[in-house]
Amino acid sequence: MRAFKHLDTITALFVAVLLISNIASTKILTLGPFTFDGGTILFPLSYIFGDILTEVYGYGRSRRVIWLGFVSALVMAITLAIVGALPPAADWGNQAAYETILGQTPRIVAASLIAYVAGEFSNSFTLAKLKIRTAGRWLWLRTIGSTLIGQLLDTGLFVLIAFTGVVPNSLLWPLIVSNYLFKCGVEILFTPATYAITGWLKQEEQEDYYDRNTNFNPFHLSQTHQ
């Protein structure tokens, strides 16, 4: 397999954003007109990294990174659940605080994993297909268009699974709308940065992959793009 200079760095950043977002999602906050879970502040960056991965390296490599993120988040959820279940030391008085902040994390991560897989794969698939249809032109159309589709699935599934029965039903739809608008807005605002980073990476890596013969099955984990 061909070695790349920066693929490992982007992969690490992608996974870090996912894990940090899952922890931050335990708090619901209000920022201006938006009401959303705290992970929303950082999570849109995962879609930007996903766009960059697919645009430069192709769907096949992006698929492996998406599954790496999935496994990492699952391990984190299991670890937090085990730690929470184990008896605290006699002189450690923060068990209630741990359960309050991190006790929800397994459910939130479960919601995140389902929503994440649906959103990230639809985002990557859409971008890869649009790249072929546009012959590599109009990167803004591919990044924004794929995000509008991916985030719709991601946000709707995440909020409904994570917060149904936890927050009043009257808050669910404002959460979905606020999350969706905020995440898509971040993608649009970061479009100039996405252009700059993808252009630099294509030059650095000497790679600009077109998924003309790719197997788009998300469970096809061959080391090739086929």
The ring-ring contact (aromatic ring centres under 6.0 Å, His included) partners of Trp67 (sequence neighbours excluded) come to Phe70, Phe121, Phe219
One should read off an interatomic distance between Phe14 CZ and Leu68 CG, to the nearest 0.5 angstrom, of 9.0 Å
Next on the checklist: Go through it in stages, so that I can follow the logic: the residues are Tyr180 and Asp154, the test is side chain to side chain contact (heavy atoms under 4.5 Å, CB included), and I'd like the CA-CA distance, side-chain angles, deciding distance and then a yes or no.
Outcome noted: CA-CA 9 Å; Tyr180 183 69; Asp154 189 300; over 6 Å; no
Sorted by chain and number, sequence neighbours left out, side chain to side chain contact (heavy atoms under 4.5 Å, CB included) with Ala89 holds for Asp91, Trp92
Residues pairing under salt bridge (charged side-chain N to carboxylate O under 4.0 Å, His left out) where one sits in residues 155-178, two or more places apart or in two chains, turn out to be none
So CG of Leu18 and CE of Met76: to nearest 0.5 Å the spacing works out to 7.0 Å
| said: Membership question, hydrophobic clusters at under 4.5 Å side-chain separation (ILVMFWY): are Leu153 and Val177 in the same one? | reply: no
Would you say that more than 12 heavy atoms from the other residues, nucleotides or ligands in this model lie under 6.0 Å from the CZ of Arg137, or not?
yes
Less than 3.5 Å apart, which donor and acceptor atoms pair up between the side chains of residues 155-165 and the rest of the protein, not counting sequence neighbours?
from, atom 1, to, atom 2, distance (Å)
Thr155, OG1, Gln151, O, 2.8
Thr155, OG1, Lys183, NZ, 3.4
Thr164, OG1, Leu160, O, 2.4

Checklist entry - Arg64 and Thr11: side chain to side chain contact (heavy atoms under 4.5 Å, CB included), yes or no, with the steps? => result CA-CA 10 Å; Arg64 290 194 292 276; Thr11 298; over 6 Å; no
Assigning hydrophobic clusters by single linkage (Ile, Leu, Val, Met, Phe, Trp, Tyr; side-chain heavy-atom cutoff under 4.5 Å), is Leu127 placed with Leu130? no
Close side-chain approach of Leu29 to Ile41, heavy-atom, < 4.5 Å: yes
Residues Gln95 and Pro88: closest non-hydrogen pair is OE1-CB, 3.7 Å
For Ile82, the side chain to side chain contact (heavy atoms under 4.5 Å, CB included) test, sequence neighbours excluded, returns Ile78, Leu86
The ring-ring contact (aromatic ring centres under 6.0 Å, His included) partners of Tyr47 (sequence neighbours excluded) come to Phe43
Side chain to side chain contact (heavy atoms under 4.5 Å, CB included) filter on Phe125, not counting sequence neighbours, yields Tyr59, Lys129, Phe216
Applying ring-ring contact (aromatic ring centres under 6.0 Å, His included) to Tyr116 and not counting sequence neighbours gives none
Specify whether Trp200 and His6 have parallel, tilted or perpendicular ring planes, treating 30° as the upper limit for parallel and 60° as the lower limit for perpendicular.
tilted
Here the pair of heavy atoms bringing Ser62 nearest to Ser124 is OG-OG, 3.5 Å
Is there a path of hydrophobic side-chain contacts, each under 4.5 Å between heavy atoms of I/L/V/M/F/W/Y residues, joining Tyr57 to Ile197?
yes
Residues at least two apart in sequence or cross-chain that pass side-chain hydrogen bond (donor to acceptor under 3.5 Å, both in side chains) with Thr191, listed by chain then number, are none
ask   = So do the side chains of Ile23 and Leu80 get within less than 4.5 Å of each other, counting heavy atoms only?
value = yes
Hits for side chain to side chain contact (heavy atoms under 4.5 Å, CB included) against Leu45, two or more places apart or cross-chain, chain-then-number order -> Val17, Leu42, Ile48, Phe49, Phe190
d(Ile188 CD1, Leu181 CG) to nearest 0.5 Å is 9.5 Å
Correct closest heavy-atom pair for Asp211 and Gly58 would be OD2-CA, 3.6 Å
When every non-hydrogen atom of Thr134 is compared with those of Arg142, the smallest separation belongs to OG1-NH1, 3.4 Å
Residues Arg63 and Asn215: closest non-hydrogen pair is NH1-O, 2.6 Å
Value for OG (Ser46) from CD1 (Ile20), rounded to nearest 0.5 Å, stands at 11.5 Å
Run Leu7 and Leu53 through side chain to side chain contact (heavy atoms under 4.5 Å, CB included) and show every step you take. CA-CA 8 Å; Leu7 181 57; Leu53 282 164; 3.5 Å; yes
OG of Ser72 to CG of Leu113, rounded to nearest 0.5 Å, is 10.0 Å
Practice item. Find out if a path of hydrophobic residues (ILVMFWY) with successive side-chain heavy-atom gaps under 4.5 Å connects Leu74 to Val117. Key: yes
| Is there a side chain to side chain contact (heavy atoms under 4.5 Å, CB included) between Val56 and Phe4 once you walk through the steps? | CA-CA 11 Å; Val56 178; Phe4 292 98; over 6 Å; no
Hydrophobic cluster membership, Leu141 vs Tyr195, 4.5 Å side-chain cutoff | yes
Closest non-hydrogen atoms of Pro44 and Val186, given as atom of the first, atom of the second and distance, are CB-CG1, 3.7 Å
In this structure, CG of Leu171 is separated from CD1 of Ile176 (nearest 0.5 Å) by 10.0 Å
Hits for salt bridge (Lys or Arg N to Asp or Glu O under 4.0 Å) against Lys202, two or more places apart or cross-chain, chain-then-number order -> Glu55, Asp208
Asn123 meets the side-chain hydrogen bond (donor to acceptor under 3.5 Å, both in side chains) criterion, sequence neighbours left out, with Asp51, Ser146
